[in-house]
Amino acid sequence: MTDILDAGLLLSWYDTHKRILPWRQTRDPYRIWLSEVMLQQTQVATVIPYYNRFTDAFPDATALADAQDDRVLKMWEGLGYYNRCHNLLKAMRKVRDEHGGRVPDTPEAFSGLPGVGPYTCAAVQSIAFGHSLAAVDGNVNRVVTRLFALDGVVTSAGVKRAIQDAVDSAVSETRPGDFNQAMMELGATVCTPRRPDCSRCPLRSGCKARALGRQEAFPVKGAKKAVPLYPVALAVVVKDGKILVQKRPAKGHLAGMWEFPGGRVLTGETHEDALGRCLMDELGVVPAVGKLVGSVTHAYSHFRVQLYLYLAEVGGGSPTSKKGQPVDWITTEDLNRLAFPTANRKLFPLLVEALG
DNA sequence: TATCCGTGGCT
DNA sequence: TAGCCAAGGAT
């Protein structure tokens, strides 16, 4: 019953054991919001330096709204899920233009902003404004499915409803922000995916999974899909000591990031075939493909790639964007001024060595 | 409901 | 080592 998820026990534990984190040293809704977006699917230790750089460079919502897209994306570089960055920027501009620069203080107004889903809305509105809304994230899923030994795949409608009902009933009316953070803190530091330390858990006496000795059996996950490996051929087109780079489209995979031209090697194609096809489609040029600079592999969420980087030159004509994506010639020093995906960035040392 | 969307740390 | 996982949202 309500004893199983006891907000009083949880809050007492949190008061004693919570970690000191940068976004816990402020009540600024903008900073709390920024931290929540960065923390989506991203670990605390990874976020901290990014959060500190952002708050230094953009101390409030209007400062971020006024910033140039490329500068913000460059600061996000390496954090992943780049649509979070694009949506955050869109949202800040709405805050500036439609809310007088103040973060909306009601769930109704806040939840309509780009990149703000059910979790982020509940987290920000409870932590920053004291609204009694229960936030459900991966930690909460794990803690609650264990407390109540919820069988069934955690992403199924029934289990999701059971989890939401449990936290809705338990969330503190007086300290909802701390309640939400306490649930997540418990999941992150005690009720961990592997080898949870039940001896340190304030809710251990009522935990059904522990009573069954099956803590690690929850949450139940669905079947996982195999991830394909795609070969990708890329070109370092060199001319007058400069390198050709292009910007990815504003939507989709790695939106707005810069990269070397090239693309998937289709079945039956040679690497040179693929480079010829891709550079003609994207830039309207026929490359003279030279030696292989090097190769790296990289894993994304739903597929892996093996990148093969080739030296190349273009003869007559100059590369021109055929798909509306900006194109630029840059020096090796400029590589660090633009936002590149990590997979491309892995190739930089090989490239610098090859161009020696 | 299922899939897409990154990266780094951990075991 | 290879897979798992993390303070999710959009479509």
Side-chain angles (χ1 to χ4, degrees), chain A residues 14 18-19 21-24 32-51 73 76-88 90-91 110-128 134-143 153-161 167 177-189 191-196 216 219 221-229 248-249 251-257 259 296-305 339-346:
Chain A
Y14 181 67
K18 67 181 175 188
R19 292 168 292 178
L21 300 173
W23 43 90
R24 288 184 180 159
I32 291 164
W33 180 10
L34 176 65
S35 75
E36 290 299 343
V37 174
M38 288 185 165
L39 285 163
Q40 289 169 10
Q41 299 292 285
T42 310
Q43 300 194 112
V44 165
T46 302
V47 167
I48 288 174
Y50 284 89
Y51 173 86
L73 188 60
W76 199 278
E77 180 188 50
L79 196 54
Y81 285 139
Y82 298 99
N83 275 328
R84 289 184 297 175
C85 181
H86 299 302
N87 284 145
L88 183 66
K90 287 180 192 168
F110 187 65
S111 62
L113 294 168
V116 176
Y119 165 78
T120 302
C121 181
V124 172
Q125 292 295 313
S126 64
I127 297 168
V136 177
D137 76 327
N139 293 120
V140 174
N141 281 337
R142 187 168 56 254
V143 170
V153 177
V154 67
T155 54
S156 69
V159 173
K160 284 199 289 189
R161 172 57 60 90
V167 289
D178 284 340
F179 174 88
N180 285 329
Q181 293 189 81
M183 287 291 286
M184 295 187 281
E185 190 81 350
L186 187 63
T189 64
C191 194
T192 48
R194 289 173 298 275
R195 300 174 59 84
E216 293 193 41
K221 297 296 181 68
K224 48 197 176 283
K225 251 181 54 178
V227 295
L229 172 64
R248 295 181 61 88
K251 292 181 181 293
H253 191 49
L254 303 169
M257 307 287 281
E259 66 178 4
V296 301
T297 61
H298 189 77
Y300 293 103
S301 302
H302 289 72
F303 61 94
R304 293 185 302 146
V305 292
F340 280 86
T342 294
N344 268 242
R345 200 158 273 283
K346 287 180 177 177

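Sequence lines set the chain letters: A, B, ... in the order given, protein chains first and strands last, and positions in each chain run from 1. In what follows, every heavy atom counts, from backbone to side chain, and hydrogens, waters and symmetry copies are set aside.
Interface residues of residues 180-188 of chain A facing DNA chain C, ordered by number: A:M184, A:A188; criterion, heavy-atom separation under 4.0 Å.
The side-chain contact (heavy atoms from CB on, under 4.5 Å) search around A:A255 returns A:N83, A:H86, not counting sequence neighbours. Applying the side-chain contact (heavy atoms from CB on, under 4.5 Å) criterion to A:V227, with sequence neighbours excluded, gives A:R304. Scored by the side-chain contact (heavy atoms from CB on, under 4.5 Å) test, A:D178 finds A:L11, A:Y14, A:R175, A:Q181 as partners (sequence neighbours excluded). Every residue two or more places apart in sequence or in another chain that forms a side-chain contact (heavy atoms from CB on, under 4.5 Å) with A:P193 is listed here: A:R142. Not a single salt bridge (charged side-chain N to carboxylate O under 4.0 Å, His left out) links A:R195 to another residue, sequence neighbours left out. Judged as a ring pair (Phe, Tyr, Trp, His ring centres under 6.0 Å), and not counting sequence neighbours, the contacts of A:F110 are A:W33. With sequence neighbours excluded, no residue satisfies side chain to side chain donor-acceptor pair (under 3.5 Å) with A:S35. For A:E259, the salt bridge (charged side-chain N to carboxylate O under 4.0 Å, His left out) partners at least two apart in sequence or on another chain are A:R248.
The stretch residues 40-50 of chain A participates, sequence neighbours left out, in these side chain to side chain donor-acceptor pair (under 3.5 Å) pairs: A:Q40-A:T120, A:T42-A:R84.
Taking the 5' to 3' direction, DNA chain C first and last meets chain A under 4.0 angstrom from a heavy atom at C:dC4 to C:dA10. On the nucleic acid side, DNA chain B has its first and last nucleotide under 4.0 Å of a heavy atom of chain A at B:dT1 to B:dT11, going 5' to 3'.
In this structure, A:T342 and A:T155 both approach DNA chain B, and ranking their closest nucleotides by distance from the 5' end singles out A:T155. Of the residues near DNA chain B, A:K225 and A:M257, the one whose nearest nucleotide (by heavy atom distance) lies more toward the 5' end is A:K225.
The six-membered or imidazole ring of A:H298 lies near that of A:Y300, with a centre-to-centre distance under 6.0 Å.
When heavy atoms are screened at a 4.0 angstrom cut-off, A:V116 is found touching the sugar-phosphate backbone but no base atom. Residue A:S35 is out of contact with every strand shown, counting any heavy-atom pair closer than 4.0 Å.
Straight-line distance between the C1' atoms of C:dC4 and B:dG6: roughly 15 Å, to the nearest whole Å.
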